[in-house]
Amino acid sequence: MLTLDLATAPRWIDLAEGVRVLARPLDRITRAAAEGAALAQARALLGERTDYDRSVFNGIYVLIIVRLLARRLVTEWEGVGDVAGEPLALSEPALDALMERDDMLTAFWDAVIGRPDPVSAEGNG
């Protein structure tokens, strides 16, 4: 039987070190748009060079796509503070800085981007 998760409400996602974000569900259109934009931005950063290691390109691409999707999907956060320990307001620069941390990027990727397609996971793909 094919089951569909039609949830459109944001959900809280635990990242690491007590940080959590409220994120809208990722849909295929948003993901495809972010993938295209991330590919273009990664290529633009590297310019005409062809002598770079492929892992360099992949690392840049992953950071860019996570930033783009976090900006689009995250609506709130908890557990993020400034240098004085006061809660930090959600903003694109602050969200970008959070996603530059390997632990946060990996947790966001695993919870939002790297989730298996539910149809394929059920064997219905």
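Contact check for Trp77 versus Leu15: no side-chain heavy atoms found under the 4.5 Å cut-off. Side-chain contact between Ile13 and Val112 is present, with at least one heavy-atom pair separated by less than 4.5 Å.
Within 6.0 Å of atom CG in Asp53, more than 12 heavy atoms from other residues, nucleotides or ligands are found, so the atom counts as buried in its surroundings.
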Solution key, residues 83-98 side-chain donor-acceptor pairs under 3.5 Å, sequence neighbours excluded:
from	atom 1	to	atom 2	distance (Å)
Ser91	OG	Ala94	N	3.3
Asp96	OD1	Arg71	NE	3.0
Asp96	OD1	Arg71	NH2	3.4
Asp96	OD2	Arg71	NH2	2.4

Sequence neighbours excluded and cut-off under 3.5 Å, please list the side-chain donor-acceptor pairs for residues 35-46, or say none.
from	atom 1	to	atom 2	distance (Å)
Glu35	OE2	Arg31	NE	2.8

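Taking CD1 of Ile60 as the start and CD1 of Ile65 as the end, the distance is 14.0 Å to the nearest 0.5 Å. Note that CG of Leu69 is 8.5 Å distant from CH2 of Trp109, once rounded to the nearest 0.5 Å.
Scanning all heavy atoms of the two residues, the minimum distance from Ala34 to Leu68 falls at O-CD1, 3.8 Å. Taking both residues in full, the closest heavy atoms of Met104 and Ala16 are given as CE-O, 3.2 Å, listed atom of the first, atom of the second, then distance. Considering all non-hydrogen atoms of both residues, Ala70 and Met99 come closest at CB-CG, 4.0 Å.
Among residue pairs with one or both ends in residues 15-26, those qualifying as side-chain hydrogen bond (donor to acceptor under 3.5 Å, both in side chains) are Glu17-Arg101, Arg20-Glu78; sequence neighbours excluded.
Trp12 and Ile113 are assigned to two separate hydrophobic clusters, defined by single-linkage of ILVMFWY side chains at heavy-atom distances under 4.5 Å. Cluster membership for Val21 and Val62, using ILVMFWY side-chain heavy atoms within less than 4.5 angstrom, is shared.
A donor-acceptor contact shorter than 3.5 Å is absent between the side chain of Thr30 and the backbone of Leu26.
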